[in-house]
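Have a look at the structure below, then the notes.
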2 protein chains.
Amino acid sequence: MSATTFMAREIAEIPAAAEAVLTAGEAARIGAALSARTFPFVVVCGRGSSGHAGVHLRYLIETRLALPVSAAAPSVVTGYARPPQVAGALFIVVSQSGRSPDLVAATEAARAGGALTLALVNDPDSPAARASDLVLPILAGPERAVAATKTVTNSAIAGAALVAAWAGDRALDQGLAALPERLNRARALDWSAWSADLAGAPAAFVTGRGHGLGPLREIALKLAETLRLPALGYSAAELRHGPRASVSAATPVLALRQADPLAEGVDDLVRDLTGDGLRVHACGGPLGTLPWLGDGHPACDPVAMLVPAYRAIEAEARRRGLDPDKPVGLTKVTETL
Amino acid sequence: MSATTFMAREIAEIPAAAEAVLTAGEAARIGAALSARTFPFVVVCGRGSSGHAGVHLRYLIETRLALPVSAAAPSVVTGYARPPQVAGALFIVVSQSGRSPDLVAATEAARAGGALTLALVNDPDSPAARASDLVLPILAGPERAVAATKTVTNSAIAGAALVAAWAGDRALDQGLAALPERLNRARALDWSAWSADLAGAPAAFVTGRGHGLGPLREIALKLAETLRLPALGYSAAELRHGPRASVSAATPVLALRQADPLAEGVDDLVRDLTGDGLRVHACGGPLGTLPWLGDGHPACDPVAMLVPAYRAIEAEARRRGLDPDKPVGLTKVTETL
């Protein structure tokens with residue numbers, strides 16, 4: 001393991017990668033083309049980190065375009081051999097490599113079934129891209145760490161730019177325009193108060209709501225794969241019920257809070273957990289304990305919060321002698337059938 | 001806490017409750033009525049345990065009717081105030097109490113938006129039922145333990161009976177007809193080899209695929225709320241990638257395996273985890289370590305596997321001096337807005 005890991009370098013490249021995908025304008029062009037059509041619903045298909053970018057996209061499509069979104073279960077196609085009827089729908093596959101066989105099969109089935117297929121991929125020459133009518137390259141550049149970082153933020157940003165053009169949402173456009181500079185400043189935020197608290201913890205929780213749901217699940221996955229820590233990502237609405245009983249003084253909770261109508265629910269949960277003597281690290285809002293930039297666009301802020309979280313996780317991994325570039329048992333291409 | 005808990009008594013009532021909902025025939029009648037109509041897609045709405053019954057329903061609808069299913073995010077309606085366009089769709093709300101304000105609001109919005117709304121509820125006089133065009137009472141009887149058990153199995157069974165009639169799936173009908181007797185025999189299965197292994201574990205994993213996904217997430221939630229154990233429910237396809245790195249010799253894995261085309265993937269994962277010296281408890285198939293009935297219908301078996309899991313969790317809770325009827329911080333009606 002070198003002093004500088006691929007993961008650290010790739011996190012540092014996040015602002016430039018964001019700038020690249022936003023200035024290329026392909027998301028805006030495809031989004032504008034989509035706005036000339038109508039769809040009964042949208043299917044989003046992705047696994048792992050790309051699945052989290054898909055959750056982020058889902059909230060944007062539902063709130064900006066009022067289209068219902070189904071998160072595809074690829075096993076319905078590949079295992080049970082019953083592709084859902086998607087004629088006339090928009091099918092979006094999100095995949096960094098574009099090579100996972102089950103995602104390629106689900107995309108081919110959707111296209112054969114009459115959906116318009118769109119690939120959000122880092123490799124525009126991949127099988128998933130070739131199986132798609134439209135390709136939106138996320139332009140994150142080569143990613144060598146097994147732990148995906150800049151491809152995750154760029155997938156989310158490309159998806160948000162697509163929706164901004166598709167829905168004609170100028171506020172979202174402006175939020176995205178401000179994002180590279182905010183991502184750059186986010187690199188200086190020190191979340192070691194949180195990551196240091198993870199040392200010795202048997203498990204950890206990450207929470208938030210709405211536009212924060214994809215990013216919070218992504219942080220939980222990075223804790224699992226990079227720090228080998230069982231990490232649970234829950235919406236604040238879910239966490240305050242059943243799972244709450246499993247939060248103890250030993251298990252730190254990270255709460256992401258963007259300034260939107262769901263913020264109050266996150267604040268309430270943070271207040272309750274803190275009042276019960278639990279270890280809560282909050283980003284955003286009046287109850288924030290972690291360094292933050294102040295409120296920006298509520299659909300962009302949770303993506304920017306990934307940057308200090310990634311940095312803290314990478315540093316904590318090195319501190320523990322774990323190689324963040326080579327998590328145990330993982331490969332770069334997700335092979336599932 | 002009495003020697004016999006409400007939770008134990010209600011688990012014991014599962015076979016009779018299943019018999020009641022199947023013989024009432026209301027699921028079959030509503031399913032037959034649905035088969036006379038067409039829908040572009042289905043939205044399923046539920047939280048917590050009812051959400052897990054909704055996941056089970058989702059796989060049945062997708063594989064039997066080839067209709068795409070969207071799992072509703074109620075916050076899109078209640079927080080962001082943008083109800084998705086659902087004209088002509090079928091909207092199914094799953095709720096034990098039928099009183100969660102956000103689910104009622106999402107149901108009202110779906111009905112106002114032109115969806116056919118159907119409530120799978122234990123209380124047919126509840127607000128969610130009154131907001132629905134069709135009501136399918138799950139007939140589980142009064143449930144007094146905070147930890148839902150027989151309402152969960154009956155929600156899943158009512159949903160399966162609905163799909164069997166809707167799709168004209170006679171094999172599923174036969175599987176359901178055999179289920180009360182199998183549930184009864186499942187009460188005698190002793191899974192204490194698994195639950196004893198949870199003592200001292202800092203976290204636990206539950207895995208499976210397809211028809212097992214809803215039940216495995218339900219078991220994870222019960223571990224969290226009843227044993228206060230951080231518990232992660234992952235599909236075998238997801239677990240074998242990122243989250244795998246967080247599975248250690250200290251964290252037992254429970255694997256549910258039904259006899260269907262996805263079984264091989266579960267077997268592969270069980271073999272890999274066992275080969276790595278991890279603690280795996282498997283139900284079903286040639287690698288099974290836990291007592292099981294033998295293969296029945298693949299969409300029914302994971303529901304039946306809930307019975308020995310619930311029993312083991314309830315017994316382990318009592319052994320630790322925890323009251324399974326009163327999990328910390330929980331109430332019977334989920335109040336989220």
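Just so we're on the same page: letters track the sequence lines, and every chain starts at 1.
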Considering only heavy atoms, which portion of [X] lies under 4.5 Å from any heavy atom of chain B: side chain, backbone, both, or neither?
X        : value
A/Val77  : neither
A/Tyr234 : side chain
A/Ala204 : neither
A/Ala231 : backbone
A/Leu229 : backbone

Heavy-atom pairs under 4.5 Å with chain A are the metric here; pick the option from B/Pro202, B/Pro74, B/Pro68 that has the most.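 Sorted descending by pairs with chain A, the first entry is B/Pro68.
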
Only pairs of heavy atoms separated by less than 4.5 Å count here; which of B/Ser49, B/Ala87, B/Ala73 has the most with chain A?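 Of the options given, most contacts go to B/Ala73.
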
Tell me, for [X] versus chain A, whether the close heavy atoms (under 4.5 Å) come from the side chain, the backbone, both or neither.
X        : answer
B/Ala220 : neither
B/Leu65  : backbone
B/Ala203 : side chain
B/Pro83  : backbone
B/Phe39  : neither
B/Arg64  : backbone

Any B/Arg47 side-chain heavy atom under 4.5 Å of A/His241 side chain: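 Not touching, per the 4.5 Å side-chain cut-off.
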
Are B/Glu225 and A/Ser246 side-chain neighbours, meaning at least one heavy-atom pair lies under 4.5 Å?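 When only atoms from C-beta onward are counted, A/Ser246 and B/Glu225 do not touch, as no gap falls below 4.5 Å.
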
Over all atoms of both residues, closest heavy-atom pair of A/Arg209 and B/Ser75: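 In terms of heavy atoms, the two residues are closest at NH2-CB, 3.4 Å.
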
I need the minimum non-hydrogen distance between B/Leu67 and A/Gln85, along with the two atoms involved.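 Closest approach of B/Leu67 to A/Gln85, heavy atoms only: CD2-OE1, 3.9 Å.
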
Any salt bridge between A/Arg82 and B/Glu62, counting N to O under 4.0 Å?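 Salt bridge between A/Arg82 and B/Glu62, a charged N being under 4.0 Å from a carboxylate O: no.
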
Max heavy-atom pair count under 4.5 Å with chain B, selected residue of A/Pro261, A/Pro230, A/Ser235: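 Among A/Pro261, A/Pro230, A/Ser235, the one with the most close pairs to chain B is A/Pro230.
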
If we define contacts as heavy-atom pairs under 4.5 Å, which of A/Leu221, A/Leu232, A/Asp276 has the most with chain B?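 Maximum pair count with chain B is reached by A/Leu232.
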
Could you label the plane-to-plane angle of the B/Tyr59 and A/Tyr80 rings as parallel, tilted or perpendicular, counting under 30° as parallel and over 60° as perpendicular?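 Plane angle over 60°, so perpendicular.
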
If we ignore hydrogens and angles and just use 3.5 Å, is the side chain of A/Ser70 paired with the main-chain N or O of B/Val69 as donor and acceptor?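 Yes, because the side chain of A/Ser70 sits within donor-acceptor range (under 3.5 Å) of the backbone of B/Val69.
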
